[in-house]
Amino acid sequence: MSDQQPLLDPRNYSPHYDAPNSSDPAHLYLYEQNKTIVEKRLLRKLDLRVAFLVLIYIMNYMDRSNAAAARLRGFEEDLGMTGNQFNTLISILYVGYVLMQAPSNMFLDRMARPSIYLSSCMVIWGTITLLTGASQTYHAALILRFSLGFVEAAFFPGAVFLLSRWYKRDELGLRTALLTCGSSVSNAFSSLAASGILATLDGKLGFTAWRWLFFVEGILTIVIAVSAIWILPDFPSTPSSWLSPDEQTLAKQRMEDDTAAGNGHQGKPTEVFSGLFEALVDWRVWWLGAALCLMVSSLSFGNFFPTLSATMGYNVTISLLLCAPPWIVGTMTSFFVARHSDATGDRFWHITGPLLIGIAGFILAICTMNTGVRYLSLFFMTQSSVAYVIFLTWALNTFSQSQSKRAAAIALIISMGTFGNIGSSYIWPSSWGPSYVDSYLICILTSVMSIAMCWAFRRHLSRLNQATEAQEQVLGLPKGFRYLL
């Protein structure tokens with residue numbers, strides 16, 4: 001292409017409106033045609049690389065949730081756990097998450113090569129997973145689980161922020177769904193993989209089955225991490241060998257245009273901690289964080305899904321295999337809901353709907369111990385995880401005008417949501433089984449509270465949109481930035 005003029009010549013751009021400096025209608029039409037061609041090519045390349053983020057998230061989720069499967073094959077007994085020690089082992093991981101998510105995202109925002117940073121973190125957490133398989137005492141496993149959370153914390157908020165640096169507001173919902181479906185796929189795939197490992201490798205080379213589970217997943221994580229260095233995208237401002245000059249230029253201009261409307265930060269220098277300070281003093285960050293914390297608490301059944309499946313009375317292998325179908329259905333639903341949410345521009349009702357279906361699942365599980373009905377309730381419960389996808393997209397849309405603030409805000413919101421995992425680890429004690437009625441009642445309560453907070457937030461954003469519209473009409477201004485509801 002060196003001897004040809006690029007389809008999108010950056011010298012012809014107006015800095016804010018992404019249009020060539022010409023009033024010739026023919027020139028404008030040709031520009032728009034060329035822009036559409038380049039944009040489709042850019043998104044196709046980008047989507048392929050984002051798909052690799054999904055694979056990383058699958059390993060991220062597998063490495064944090066494998067303790068639940070290992071519990072079914074002697075993990076507690078071999079390490080001498082008693083009382084609530086297993087619950088503490090689950091919750092301590094999320095303490096590391098809370099401590100590291102916000103600082104990691106602020107550091108990531110200043111980096112040119114997030115691909116190297118995220119891949120390096122992945123190598124470390126894969127090594128920690130390997131070491132967990134070799135642990136001999138409860139306290140050694142506890143320290144390793146805390147370290148795992150501390151390192152894994154970099155990935156998810158970092159990946160969400162990375163998506164927001166490449167995709168426009170009306171494209172984020174589907175891509176966020178693609179990323180977060182990794183957790184559902186992991187819940188399904190990890191159960192299938194765990195059933196195979198636990199059933200076939202027990203006693204091999206003198207190691208028990210649960211140790212092999214950590215060994216295999218740890219090695220697989222490290223292998224994928226090494227590949228990720230060359231596959232993961234960096235930021236649009238970082239020169240990329242996989243993008244043509246046309247695509248690189250358009251990638252940067254798309255983001256400038258998407259944040260131009262209503263952006264009071266354009267043209268101002270960005271200080272390292274200015275975004276963090278702005279996020280900390282914005283009450284909306286704390287409100288959304290509290291709502292997400294309640295939502296995550298209602299989704300805590302996912303950490304104990306193999307245990308809930310085992311209450312139906314089947315053996316370990318069958319119980320793990322039965323975990324897969326509900327999460328597969330939940331994954332398929334998330335794509336449909338996210339795409340519809342993007343198309344309609346609605347967020348609140350696409351959050352509320354899945355949570356209400358989840359509440360129906362909790363009620364079914366409370367009402368009976370019938371095997372068929374309880375298994376059906378698991379399908380309903382996994383639908384509520386779709387709400388998490390749309391909620392994160394809503395948060396990204398709300399804080400879309402400033403990159404540094406968005407990085408801090410999304411990390412703080414996810415960190416506050418993680419508190420839901422820390423506390424909810426104790427609402428599923430073995431003594432409440434096999435019915436777990438009290439656990440389900442708590443999940444219903446937290447779901448309802450999360451819906452109420454989301455409704456109040458929607459009302460707030462609606463009033464802001466109405467005020468903006470009234471001001472535009474008075475001043476005769478064109479339609480500008482609007483919050484998605």
Between [X] (side chain) and [Y] (backbone), is there a donor-acceptor pair under 3.5 Å?
| X | Y | answer |
| --- | --- | --- |
| Trp428 | Ser439 | no |
| Asn84 | Asn87 | no |
| Trp212 | Leu201 | yes |
| Glu76 | Gly74 | no |
| Arg73 | Leu198 | yes |
| Trp287 | Met453 | yes |
| Thr398 | Trp394 | yes |
| Ser450 | Ala291 | yes |
| Asp63 | Thr129 | no |
| Thr238 | Arg113 | no |

Pairwise side-chain contact, [X] with [Y], heavy-atom cut-off 4.5 Å (strictly under):
| X | Y | result |
| --- | --- | --- |
| Leu99 | Phe146 | yes |
| Ser415 | Tyr97 | no |
| Phe348 | Leu485 | no |
| Thr382 | Val329 | no |
| Ser447 | Phe362 | yes |
| Thr352 | Cys454 | no |
| Gln101 | Leu412 | no |
| Thr88 | Leu142 | yes |

Derivation and outcome, ring pair (Phe, Tyr, Trp, His ring centres under 6.0 Å), residues Trp327 and Phe305: CA-CA 10 Å; Trp327 289 113; Phe305 211 72; 5.1 Å; yes
Test salt bridge (charged side-chain N to carboxylate O under 4.0 Å, His left out) applied to Lys168 and Glu39, step by step: CA-CA 12 Å; Lys168 296 189 292 186; Glu39 189 166 35; 3.7 Å; yes
Kindly give the heavy-atom pair with the smallest separation between [X] and [Y], and that separation in Å.
| X | Y | result |
| --- | --- | --- |
| Ala153 | Gly96 | CB-O, 4.1 Å |
| Val285 | Ala409 | CG2-CB, 4.0 Å |
| Pro325 | Leu321 | CD-O, 3.4 Å |
| Ala225 | Val123 | CB-CG2, 3.5 Å |
| Pro236 | Arg165 | CG-O, 3.0 Å |

How long is the straight-line distance from [atom2] of [Y] back to [atom1] of [X], given to the nearest 0.5 Å?
| X | Y | atom1 | atom2 | answer |
| --- | --- | --- | --- | --- |
| Ile231 | Leu55 | CD1 | CG | 8.5 Å |
| Asn60 | Glu152 | CG | CD | 4.0 Å |
| Leu308 | Phe301 | CG | CZ | 8.5 Å |
| Leu464 | Arg459 | CG | CZ | 12.0 Å |
| Ser119 | Ile56 | OG | CD1 | 6.0 Å |
| Ser164 | Glu171 | OG | CD | 12.5 Å |

Residues Leu162, Asp234; criterion side chain to side chain contact (heavy atoms under 4.5 Å, CB included); working and verdict: CA-CA 8 Å; Leu162 184 60; Asp234 293 311; over 6 Å; no
Pairing donors with acceptors under 3.5 angstrom, does anything connect the side chains of [X] and [Y]?
| X | Y | answer |
| --- | --- | --- |
| Asp78 | Tyr138 | no |
| Tyr436 | Thr307 | no |
| Ser334 | Tyr388 | no |
| Arg71 | Ser430 | yes |
| Thr333 | Gln383 | yes |

Please say whether more than 12 non-hydrogen atoms of neighbouring residues, nucleotides or ligands are located less than 6.0 Å from [atom1] in [X].
| X | atom1 | value |
| --- | --- | --- |
| Phe235 | CZ | yes |
| Phe336 | CZ | no |
| Met449 | CE | no |
| Phe419 | CZ | no |
| Trp432 | CH2 | yes |

Partner of Val296 under side-chain contact (heavy atoms from CB on, under 4.5 Å), chosen from Ile414, Thr446, Asn421: Asn421
Arg347 NZ/CZ over Phe391 ring centroid, <6.0 Å and within 45° of normal: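 Here Arg347 fails the 6.0 Å and 45° test against Phe391.
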Test: Arg406 cationic atom under 6.0 Å from Phe399 six-membered ring centre, within 45° of axis: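 Here Arg406 fails the 6.0 Å and 45° test against Phe399.
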Derivation and outcome, salt bridge (charged side-chain N to carboxylate O under 4.0 Å, His left out), residues Arg254 and Glu247: CA-CA 10 Å; Arg254 276 163 39 91; Glu247 295 159 352; over 6 Å; no
Geometric class of the Trp210/Phe214 ring pair [parallel <30°, tilted 30-60°, perpendicular >60°]: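 Aromatic pair Phe214/Trp210 classed perpendicular.
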Ring geometry between Phe457 and Trp283 (parallel below 30°, tilted from 30 to 60°, perpendicular above 60°):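 Judged by the thresholds at 30° and 60°, the geometry between Trp283 and Phe457 is perpendicular.
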Step-by-step side chain to side chain contact (heavy atoms under 4.5 Å, CB included) determination, Met381 to Ser377: CA-CA 6 Å; Met381 290 180 208; Ser377 73; 3.6 Å; yes
Derivation of the side-chain hydrogen bond (donor to acceptor under 3.5 Å, both in side chains) call for Asp47 and Tyr167: CA-CA 10 Å; Asp47 287 342; Tyr167 292 104; 2.6 Å; yes
Presence of salt bridge, Arg211 and Asp202, under 4.0 angstrom: no
Side chain to side chain contact (heavy atoms under 4.5 Å, CB included) between Leu148 and Thr132, worked out: CA-CA 9 Å; Leu148 180 65; Thr132 304; 5.8 Å; no
Residue pair Leu294, Ser298: steps toward the side chain to side chain contact (heavy atoms under 4.5 Å, CB included) verdict: CA-CA 6 Å; Leu294 291 167; Ser298 72; over 6 Å; no
Phe161, Phe155, Phe107 screened by ring pair (Phe, Tyr, Trp, His ring centres under 6.0 Å) with Tyr117, the one that passes: Phe107
